[in-house]
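Computed from heavy atoms alone, side chains included, the values below leave out hydrogens, waters and symmetry copies. Below, chains carry the letters A, B, ... as their sequence lines are ordered, and counting in each starts from 1.
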Amino acid sequence: MIVVALVLLAACMLPFVVSNYRTFQFTLALVYAIALLGLNMLTGYNGQISLGHGAFYAIGAYTAAILMDQYGVPYWATIPAAAVVCLIAGFLFGLPALRLEGLYLALATFALAVSLPALLKYHHLEQWTGGVQGIVLLKPDAPFGLPLNPDQWLYFFTLAITVLMFVLAWNILRGRMGHAMVAIRDQHIAAEAMGIHTAMVKSMTFGISAMYTGIAGALGAIAIQFVAPDSFNIFVSIMLLVGVVIGGLASISGAIYGALFIQFVPNIADAISKAAPWAIFGIFLLGFVYVMPMGIAGAVRMAVARLTRKAQNQAAKP
Amino acid sequence: MEGVGVRFGGIVALDGVSFDVEAGRIVGLIGPNGAGKTTLFNCLSRLYECGSGDILFNGASLLQVPKHGIAALGIGRTFQNLALFRTMTVMENVMIGHHCRTSSGFLFNALRLPVVVGEEHATQEKARSLVRFLGLEAVADLRVADLPFGTAKRVELARALASDPKLLLLDEPASGLNHEEVGELGVLIQDIRDRLGLTVLLVEHHMSLVMSISDRVVALNFGRKIAEGTPAEVQAHPEVIQAYLGGAAH
Ligand SMILES: Nc1ncnc2c1ncn2[C@@H]1O[C@H](COP(=O)(O)OP(=O)(O)O)[C@@H](O)[C@H]1O
Ligand SMILES: [Mg+2]
């Protein structure tokens, strides 16, 4: 509890001590944290692998962009809209996906993600999607005369939604349905025999997971002020999966670690070598996987356990 | 059970098996390996489709009930080869057993409405009392993956009881137990039946256990019922002796 409060406090001070550009980068990290939390519910807690969550990220982003650009909807109102659209899209995709297990599900979601950019470029949809050109958006100003520049305001707006989404996820995961999700992952036959409606829980988890990722997509579009088909290629999906695994499967805090990783490690790699940044990124990735096989969250958990044990031993000594 | 039949390709796992289980009784189900005992349990919990016949529970056909509806009807079970939720603790496993007696969905959970908190307290209370009843207090917060086989079997029993079953299906609960523990298990099963007033269908290879606590015994061989009656009657039945001794002179 104290740790959470301290992290929140630090997060609130952040935009006043770093540059606007850094603030913008942290806004994106928050966006990824929401997306990763969604994917982690599906893959980490429920055991369904998705290689295609970039598609839901894109659907959320385009929902926000089209509503703002074509219909003059205020930016904040596009978030719930993206949530509903992606919840439904995810649920509908999750229903037929019930028949698929493991790698086959991964392939089906992969198919979704590879085909979506082409759909976004499709010329009959161009009047809404802007085709290959995409859609340019305006950056919102701080409301109520708050003394914040747009970057700072967007950071706080995203932070508030992130906190809300994390609290809701925490409630689900520690509750009846969260236990059901894990039970299905561990032993789906016994789960069914215990009265868990596995088909319903799995497709709802898919929907909720897509909803989280869609909300992230909408926030990302608002922050970056631009959507275009090629920014949502398969690489987004793979980076999300990387973030979930590096952060720590089936861990809420893992979503934050993973988000910081996928947001900042590519930058660090770029700073180290302009010539081969992805090689450097690959080395980082290997290093993390090798040193922290349970993800960053797993490593943190073990370190904390070791420290408390040490403290107890010290206290026990006369 | 009315003429239940199940086939797997060419194998006839159950062939027109019929018998009744009276409420409040302990009924033993015996037969050599591969006789179809586990298959019969899987039909009862709807994990397998019956090819023919019907299963009536309190007068209604089970074949209309979806898999996940069986627990709510009051049929709880354990599995021959353990089917616990491995990453979860003993407490959490037992709490999942109570899933079918609670009903809050995703939205209520996300908002953590008072109903949810109330349900959770009731579930925890239930799980705690079962953990105590089965002497699992010491391991309550351990992950089940780290438990020895015998303890894990008891966790499965607790999980099954958490669903408030009327009919309890036990698939080889004594496997992996030593002689003394088998005796304790027999007392425990009778105690559960008497205290909770439920009906038990018991698959077991320990003849002494089955014969000492069962009110009636059904014997299967190659998917067919070969004998049914009191323990003494079934034990004396020539086909049963034949099945168990494989025709060897004794
Ligand atoms: N899922 C299955 N697929 C194919 N054959 C099966 C399956 N389950 C059981 N069987 C076969 O059905 C027969 C009865 O098995 P089972 O019910 O497990 O026996 P028991 O529990 O009495 O030892 C065996 O021949 C077994 O190989
Ligand atoms: Mg068996």
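For the pair N171(A) and A110(B), the tightest heavy-atom approach, listed with the atom from each and the gap, is ND2-O, 2.8 Å. Closest heavy-atom contact between A71(B) and G195(A): CB-N, 3.8 Å.
With a 4.5 angstrom heavy-atom cutoff, F106(B) touches chain A via backbone and side-chain atoms both. For a residue to count as touching a neighbouring chain, one of its non-hydrogen atoms must lie under 4.5 Å from one of that chain's; by this rule A180(A) touches chain B with backbone and side chain alike. Neither the backbone nor the side chain of S163(B) comes within less than 4.5 Å of any heavy atom of chain A. Interface remark: I208(A) contributes side-chain atoms only to the contact with chain B (heavy atom separation under 4.5 Å). Heavy atoms closer than 4.5 Å to chain B are found nowhere in M165(A), neither backbone nor side chain. Of the atoms belonging to E119(B), it is side-chain heavy atoms, and not backbone ones, that fall under 4.5 Å from chain A.
Using a distance-only test at 3.5 Å, with no hydrogens or angles considered, no donor-acceptor pair links the side chain of N109(B) to the main chain of G178(A).
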Task: T87(B)/R185(A) under side chain to side chain contact (heavy atoms under 4.5 Å, CB included): CA gap, chis, key distance, verdict - done: CA-CA 10 Å; T87(B) 65; R185(A) 179 196 70 191; 2.8 Å; yes
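The structure places CD1 of I96(B) at 8.5 Å from CG of D186(A), a figure rounded to the nearest 0.5 Å. For the atom pair H179(A) NE2 and H98(B) NE2, the distance stands at 14.0 Å (nearest 0.5 Å). Rounding to the nearest 0.5 angstrom, the gap separating the CE atom in M194(A) from the NZ atom in K67(B) is 14.0 Å.
Applying the 6.0 Å contact sphere to CZ of F157(A) captures more than 12 heavy atoms from other residues, nucleotides or ligands. Taking a 6.0 Å sphere around OH of Y104(A), one finds it holds 12 or fewer heavy atoms contributed by other residues, nucleotides or ligands. Counting heavy atoms of neighbouring residues, nucleotides and ligands inside a 6.0 Å radius, atom CE of M294(A) does not exceed 12 of them. The environment of L103(A) atom CG is sparse: at most 12 non-hydrogen atoms of other residues, nucleotides or ligands sit within 6.0 angstrom.
Side-chain contact between H99(B) and R176(A) is present, with at least one heavy-atom pair separated by less than 4.5 Å.
When each of T102(B), I70(B), L111(B), L107(B) is scored by its heavy-atom pairs under 4.5 Å with chain A, the top score falls to T102(B). For the set A199(A), A190(A), G175(A), A191(A), the entry with the most heavy-atom pairs within less than 4.5 Å of chain B is A190(A). Ranked by heavy-atom pairs under 4.5 Å with chain A, the list R86(B), R159(B), E92(B) is led by R159(B). Most heavy-atom pairs under 4.5 Å with chain B: of the set M204(A), M200(A), R174(A), this distinction falls to R174(A).
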